[in-house]
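To keep things clear, I will list the structure first and then write my remarks on it.
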Amino acid sequence: MIQRLIDHIKKIYPIETEKLGLLEPFFEHRTYKKKEVLLSEGSRCYEKFFIAKGCTHIYYVRKNGTEQTIDFAIEDWWTSDFMAFQQGAAAQFSIRAIETTEVLCISTDRQRELLDKIPELNGYFHLVFQKAYAASQMRFRTLYELSKEELYHDFSRQFPAFMQRVPQYLLASFLGFTPEYLSEIRKKYLP
């Protein structure tokens, strides 16, 4: 399991293999069943998760009681309520497994210890989160610039892996439309 994270780190940032061999004791391997919650809104967030296998979604409960999906994570992605993780605060978001999901979990304290031991990992995390922030900026731009139909096609073009793995009602929530409207769009383009 840890090898997947090591391989990911090597793709992103050059760190000596011997140092990467020190990673394993800092992480806990967990498996979550489909629909099992990794993090609950309102609970203290002191962990972040590297997705080794599977798929999750991040959501919050709106004032009207419906769930609003704000993000997904698949293999080689990190997920958490990152603000709450950084501050050791109550989570503003929940994370749920969409399918059986295996993660490597690290706590705030263990991450501090890990970064003290292997300071080069700061460079890795910087690049990973810089890329994630850039993706978030582009998401906002597409939300403001594209029609709903264009938004759907843009997402399906950029993230084809999600189209087969994510239930339509979650995809609709993420894109900001009803499941019925998403069905209409999909029917319109079926051969």
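- Taking the side chain as every heavy atom from C-beta outward, Val103 and Thr56 never approach each other to under 4.5 Å.
- The aromatic rings of His57 and Phe72 sit tilted, their planes meeting at an angle between 30° and 60°.
- Side-chain contact between Tyr59 and Gln68 is absent, with no heavy-atom pair separated by less than 4.5 Å.
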Report task. Show your reasoning for whether side chain to side chain contact (heavy atoms under 4.5 Å, CB included) applies to Glu113 and Asp116. Result -> CA-CA 5 Å; Glu113 292 171 25; Asp116 285 344; 5.6 Å; no

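- No donor-acceptor pair under 3.5 Å is formed between the side chain of Arg4 and the backbone N or O of Ile51.
- Salt-bridge formation is not detected for the pair Lys187/Glu184: no Lys NZ or Arg NE/NH1/NH2 atom is positioned less than 4.0 Å from an Asp or Glu carboxylate oxygen.
- No side-chain heavy atom of Tyr46 sits less than 4.5 Å from a side-chain heavy atom of Arg110.
- Separating the CG atom in Leu114 from the CG atom in Leu121 is a distance of 5.0 Å, to the nearest 0.5 Å.
- Residues Tyr124 and His8 have side chains that bring a donor and an acceptor to within less than 3.5 angstrom of each other.
- Side-chain contact between Tyr133 and Gln137 is present, with at least one heavy-atom pair separated by less than 4.5 Å.
- Of all non-hydrogen atoms in Phe85 and Gln111, the two that sit nearest each other are CE2-NE2, 3.8 Å.
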Going by atom type alone, with no hydrogens or angles, which donor-acceptor pairs under 3.5 Å involve a side-chain atom of residues 168-177 and a protein atom two or more places apart or on another chain?
| unit_1 | atom_1 | unit_2 | atom_2 | d |
| --- | --- | --- | --- | --- |
| Gln168 | OE1 | Arg186 | NH1 | 3.2 |
| Ser173 | OG | Glu67 | O | 3.4 |
| Ser173 | OG | Thr69 | N | 2.8 |

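- Between Ala97 and Thr101 the shortest heavy-atom distance is CB-OG1, 3.7 Å.
- In terms of heavy-atom proximity, Gly54 sits nearest to Glu99 at CA-OE2, 3.3 Å.
- From Gln3, atom CD reaches atom CG of Leu20 across 9.0 Å, with rounding to the nearest 0.5 Å.
- Formation of a donor-acceptor pair under 3.5 Å by the Asp71 side chain with backbone atoms of Ile58 is not found in this model.
- Nearest heavy atoms, Ala73 versus Phe162: N-CE2, 4.4 Å.
- For the atom pair Leu5 CG and Ile2 CD1, the distance stands at 5.0 Å (nearest 0.5 Å).
- With hydrogens and angles left out, the side-chain atoms of Ser107 and Asp109 include no donor and acceptor closer than 3.5 Å.
- Put simply, OG1 on Thr79 and CD1 on Ile74 are 12.0 Å apart, with the number rounded to the nearest 0.5 Å.
- The cationic atom of Lys48 (NZ for Lys, CZ for Arg) lies less than 6.0 Å from the six-membered ring centre of Phe125 and within 45° of the ring axis.
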For residues 31-40, dump all side-chain donor-acceptor pairs below 3.5 Å to protein atoms at least two apart in sequence or in another chain.
| unit_1 | atom_1 | unit_2 | atom_2 | d |
| --- | --- | --- | --- | --- |
| Tyr32 | OH | Arg30 | NH1 | 3.0 |
| Glu36 | OE1 | Lys33 | N | 2.8 |

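- Using modelled atom types, no side-chain atom of Thr66 and backbone atom of Arg62 make a donor-acceptor pair closer than 3.5 Å.
- For the atom pair NZ of Lys53 and CE of Met1, the computed distance is 8.0 Å after rounding to the nearest 0.5 Å.
- Nearest heavy-atom pair across Ala91 and Ala84 is CA-CB, 3.9 Å.
- A centroid separation of 6.0 Å or more is found between the aromatic rings of Phe27 and Phe50.
- In summary, Asp7 and Lys10 do not engage in a salt bridge, as defined by a charged side-chain N under 4.0 Å from a carboxylate O.
- For the atom pair CG (Asp154) and CZ (Arg139), the distance works out to 11.0 Å, reported to the nearest 0.5 Å.
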